[in-house]
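Below: the structure, in structure tokens.
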2 protein chains.
Amino acid sequence: MKPRSQQPDDQHLTEQLGATGLRLTPQRQQVYDVLRHKRDHPTAEEVFIRAKKSMPEISHATVYNCLDALVKSGLARQVTLDRGATRYCPNMHEHGHFHCDVCATVFDVDLPEQAMKLPKGFKADHFDIAIHGVCADCAKKK
Amino acid sequence: MKPRSQQPDDQHLTEQLGATGLRLTPQRQQVYDVLRHKRDHPTAEEVFIRAKKSMPEISHATVYNCLDALVKSGLARQVTLDRGATRYCPNMHEHGHFHCDVCATVFDVDLPEQAMKLPKGFKADHFDIAIHGVCADCAKKK
DNA sequence: TTTCAATTTAGAATTATTCTAAATCTTGAC
DNA sequence: GTCAAGATTTAGAATAATTCTAAATTGAAA
């Protein structure tokens, strides 16, 4: 039976990271936990601040390194909206990001099952779909 | 008959900008021309360097302002890929951006006609679709 | 236990973007 | 034609986001 301290599934993390030639380190675990704990698409800076709460000695460069490692190994995604800082999302199901232009909240939205038509010979690895508009709450207020 | 010096259609630019409460200035015209001249999804810095060739006195802040104005008035789109600088695209037809992870080239790709299913009450303004993968040329080389 | 490569650290440095105050420009009113 | 007002540009300075660096640390394999 798995030790209760191991969560969500260290073995899974180790496997995913290992498949990319990377190790699961306490810092990477922490950064991953931060992403999973509050799924509000935080920036690297926000992740850094949150991670420092439980791991005061973690550094900026480490947070960037950890985020890169998680993205590279398929444990997180980058969300790039407009010209601000890149955000991060631990939801690895195929989905899009709805960005409300009023309250600036980012929502995960499901995608229709649809094969994108690529030019001949192109090979797709993944899709990043961002939708800009107004969320239900902000639409109501107008 | 329109003067040949006016291109692609200053009246159209003036109208689009005007609809957003903005003016068509020589700088905005120049930045727009830069985007249309070489459609390689340049960064603000690249646009700045290119614009300076014909307009040496243009400043950084102006280029950012001009790009913002073009985006705001529907004459250009922002392309955000990974954590680098934002890129710009003058193609206002609904399309996606294919980013080759090998040669870092960005290609415009057509989108299937498909209505995205949004959560109830949400209102979409536009979509930004980025596809990451390998282009035909780089796929061949492997 | 030792070695070695991966990783972290703490800043420094670079890149990307925004801000500021003064100057300039354009348009409309008179 | 002049003037006023607001938009815009300018030239840096400043801030934000990200990357780099060299030394230290860590963990796994030998």
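- Taking atom CE of residue M55(A) and atom C1' of nucleotide dT9(C), one finds them 13 Å apart after rounding to whole Å.
- L24(A) has its CG atom 13 Å from the C1' atom of dA6(C), to the nearest Å.
- A continuous path of Ile, Leu, Val, Met, Phe, Trp and Tyr side chains, each step under 4.5 Å between heavy atoms, connects F98(A) with L111(B), placing both in one hydrophobic cluster.
- Residues D128(A) and T80(A) are not in side-chain contact: their nearest non-hydrogen atoms beyond the backbone lie 4.5 Å or more apart.
- Remark: R28(A) is in phosphate contact with dT7(C), judged by side-chain N or O atoms under 4.0 Å from OP1 or OP2.
- Comparing dT17(C), dT18(D), dT8(C) by their nearest atom to the side chain of H60(A) picks out dT18(D).
- Between H97(A) and H99(A), the distance separating the two ring centers is not shorter than 6.0 angstrom.
- Among the protein residues, A85(B) comes within range of the sugar-phosphate backbone only, with heavy atoms under 4.0 Å from sugar or phosphate atoms but none that close to a base.
- If you take CD of Q27(A) and C1' of dG27(D), they are 12 Å apart, rounded to a whole angstrom.
- Distance from the side chain of L22(A) is smallest for dT7(C) among the nucleotides dT10(D), dT18(D), dT7(C).
- When the nucleotides dT18(D), dT17(C), dT8(C) are ranked by their closest atom to the side chain of T86(B), dT17(C) comes out on top.
- Comparing P26(B) and A61(B) by the nucleotide of DNA chain C whose heavy atom lies nearest to each, the residue mapping closer to the 5' end is A61(B).
- Between the OH atom of Y64(B) and the C1' atom of dT15(C) there is a distance of 9 Å, given to the nearest Å.
- Distance N65(B) CG to dA11(D) P: 15 Å, rounded to the nearest Å.
- D68(A) places its CG atom 11 Å from the P atom of dT8(C), with the value rounded to the nearest Å.
- Remark: S59(B) is not in phosphate contact with dT9(D), judged by side-chain N or O atoms under 4.0 Å from OP1 or OP2.
- Following rounding to the nearest Å, E57(A) (CD) and dT7(C) (P) show an atom-to-atom distance of 17 Å.
- Of the candidate nucleotides dT18(D), dT9(C), dT9(D), dT9(D) has the atom lying nearest to any side-chain atom of C66(B).
- Residues R39(B) and L35(B) approach most closely at CG-O, 3.6 Å, considering heavy atoms.
- Nearest nucleotide to the side chain of R23(B), out of dA7(D), dA10(C), dA6(C): dA7(D).
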> What's the verdict on ring pair (Phe, Tyr, Trp, His ring centres under 6.0 Å) for F48(A) and Y64(A), showing C-alpha distance, side-chain angles and the deciding distance?
Replying inline: CA-CA 9 Å; F48(A) 174 64; Y64(A) 275 93; 8.9 Å; no
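- Per the geometry, CD belonging to E46(B) stands 13 Å off P belonging to dT15(C), to the nearest Å.
- Comparing dT7(C), dA10(C), dT8(D) by their nearest atom to the side chain of T25(B) picks out dT8(D).
- When each of P56(B) and D82(B) is assigned the nucleotide of DNA chain D bearing its nearest heavy atom, the one mapping closer to the 5' terminus is P56(B).
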